[in-house]
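Heads up, the thing below is written out as structure tokens.
Quick caveat, the model's predicted, so the values are computed rather than measured. Note that ligands are numbered from 1 as they come in the structure, with each ligand's atoms numbered from 1 the same way. For the numbers below, each heavy atom of this structure counts, side chains included, while hydrogens, waters and symmetry mates do not.
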Amino acid sequence: MEKLFLLMVMFATCCAAPRDMSGKVFTFPRESKIDLVKLLTHKQSFNALTTCLRYQTDLSRNHVLMSLATPTKFNAFVLFKPELDNTMRMHALDGVADFKSLAIAPNTWHSMCATWSSATGLAQLWLDGKATIKKFIKTGALTGQPISVLGQEQDTYGGGYDINQSFIGMITEVHMWDTVIPSTEIKRYMAEQYVTPGNVFNWRALEFEITGQVLVEDMRDVK
Ligand SMILES: *[C@@H]1O[C@H](CO)[C@@H](O)[C@H](O)[C@H]1NC(C)=O
């Protein structure tokens, strides 16, 4: 029984066939506490992170874009839009920083990248080609099998989803690297040019599992 469970866990966490998601988009069409996409990776230890994604939503309430939890840190790395105008919130290792005075127009496609370094604890957000100031969140390595989710905020490790923080809208071109990638690369991402794909999550070879009603659609059908 234990062996079976282990096998099931392995299947759940490691072996979804990678899919080339070029030209595709995840559509989150409703308010829900079950709809989500889990992104899968073998990596368990991070000294730095960069993640980039593009999204569109018409939400003004609290909502999450991506949440990464470890067994000991439920807000290990999170991109969260609080109800505060023009503010984006980033969590790292359960610490937090708000990036303010951003131009986040509703119902508009945005390109967003977030970086965090465990050595300096510094985080930076990029929105539509512009970098914010850097802010200190927390130092220290991020370790432990991560559960990475698009569309739901995790209040526990892989659970505790809150309908009132769920994402409604579209997300595409998600990448994550285990380094702070050069700003030249981030600018290329923002300009929709070729970037070296993420080595944690790679949109062009994405391992993921959908729960609930999230649709994979062609970008040309939504934009
Ligand atoms: C979500 O928000 C609605 C409206 O504000 C509220 O009635 C409901 O209790 C909230 N649900 C949860 C689970 O917090």
So, Lys138 and Asp94, do they make that salt bridge, N to O below 4.0 Å? no

Protein heavy-atom contact under 4.0 Å for atom 11 (N) of ligand 1? yes

Ignoring hydrogens, tell whether any protein atom lies closer than 4.0 Å to atom 2 (O) of ligand 1; use the non-hydrogen atoms only. yes

Flag: protein heavy atom within less than 4.0 Å of atom 7 (O) of ligand 1: no

Do the charged groups of Asp98 and Lys100 touch, with an N to O distance under 4.0 Å? no

Salt-bridge criterion met for Asp162 and Lys33 (N-O under 4.0 Å): no

Which residue and non-hydrogen atom of the protein lie closest to atom 5 (O) of ligand 1, and at what distance in Å? Asn164 ND2, 4.8 Å

Donor-acceptor under 3.5 Å (Asp35 side chain, Gln213 main chain): yes

